[in-house]
Amino acid sequence: MLYTHCGIDELRFEGQWYERAQGRLDDGSGNPPDGWDNPEQMGTLTRVDETTLVFTDEVGHREEFVLRPGASEAKRACD
């Protein structure tokens, strides 16, 4: 499950934080864009290499996430 409530921006996997390679993806108001479930999108997370993950789902989304070295928390809180 990818948390999408405040847009597609970052995720935590195996104790490490990753951010979307192309920057935050949202609808301009901080919500996920059309075509994304809210608050979570079901899909598959695949490790590409030591610093890169790819999220894919059944509707065709493909988002790349890169490691945020040394990060211990989310960049911003989302309610």
Side-chain angles (χ1 to χ4, degrees):
M1 299 296 268
L2 177 64
Y3 189 68
T4 62
H5 181 65
C6 292
I8 294 82
D9 188 23
E10 62 184 337
L11 59 85
R12 187 168 182 215
F13 180 72
E14 295 182 344
Q16 296 182 299
W17 285 96
Y18 295 78
E19 60 188 336
R20 184 172 178 266
Q22 292 78 32
R24 184 183 180 97
L25 176 64
D26 65 25
D27 68 354
S29 298
N31 299 302
D34 287 342
W36 288 84
D37 291 338
N38 188 356
E40 299 172 326
Q41 184 81 27
M42 177 73 86
T44 302
L45 197 57
T46 304
R47 182 178 296 281
V48 175
D49 58 37
E50 290 184 21
T51 61
T52 309
L53 305 172
V54 172
F55 173 86
T56 56
D57 62 23
E58 292 182 356
V59 296
H61 297 118
R62 184 187 185 283
E63 300 298 334
E64 186 174 302
F65 292 83
V66 293
L67 181 66
R68 289 177 47 220
S72 59
E73 60 186 33
K75 293 185 288 186
R76 63 182 68 75
C78 175
D79 297 332

Out of curiosity, Met1 CE to Gln41 CD, how far, rounded to the nearest 0.5 Å?
8.5 Å

Where is the tightest heavy-atom contact between Glu50 and Tyr18, given as atom of each residue plus distance?
O-OH, 4.2 Å

Verify, without hydrogens or angle tests, whether Thr4 (side chain) and Pro39 (backbone) share a donor-acceptor contact under 3.5 angstrom.
yes

Between Asp27 and Pro32, the two heavy atoms sitting closest are CB-O, 3.9 Å

Evaluation steps, side-chain contact (heavy atoms from CB on, under 4.5 Å), between Glu14 and Arg47
CA-CA 11 Å; Glu14 295 182 344; Arg47 182 178 296 281; 3.0 Å; yes

Show the nearest heavy-atom pair for residues Arg76 and Glu10, with the distance to one decimal.
N-OE2, 3.9 Å

In plain terms, say whether Glu19 and Lys75 are close enough for a salt bridge, that is, a side-chain N and a carboxylate O under 4.0 Å apart.
yes

Salt bridge check: are Arg20 and Glu64 linked by an N-O gap of less than 4.0 Å?
no

Side-chain contact, heavy-atom cut-off 4.5 Å: Trp36 with Leu25?
yes

Is any side-chain heavy atom of Thr56 closer than 4.5 Å to one of Glu63?
no

Answer yes when Asp57 and Arg62 have at least one side-chain N-carboxylate O distance shorter than 4.0 Å, and no when they do not.
no

Hey, does Ile8 have a side-chain heavy atom less than 4.5 Å from the side chain of Asp26?
no

Nearest heavy-atom approach of Asp9 to Arg24 is OD2-NH1, 3.6 Å

If you define the side chain from C-beta out and look only at heavy atoms, does anything of Phe65 sit under 4.5 Å from Thr52?
no

Roughly how far, to the nearest 0.5 Å, is CZ of Arg12 from CZ of Arg68?
11.0 Å

Which atom of Leu67 lies closest to which atom of Pro69, heavy atoms considered:
O-CD, 3.1 Å

Do Val66 and Thr51 come close enough that some side-chain heavy atom pair is under 4.5 Å?
no

From CA spacing to verdict: side-chain contact (heavy atoms from CB on, under 4.5 Å), Leu2, Leu45
CA-CA 9 Å; Leu2 177 64; Leu45 197 57; over 6 Å; no

Does a side-chain heavy-atom distance below 4.5 Å link Tyr3 with Cys78?
yes

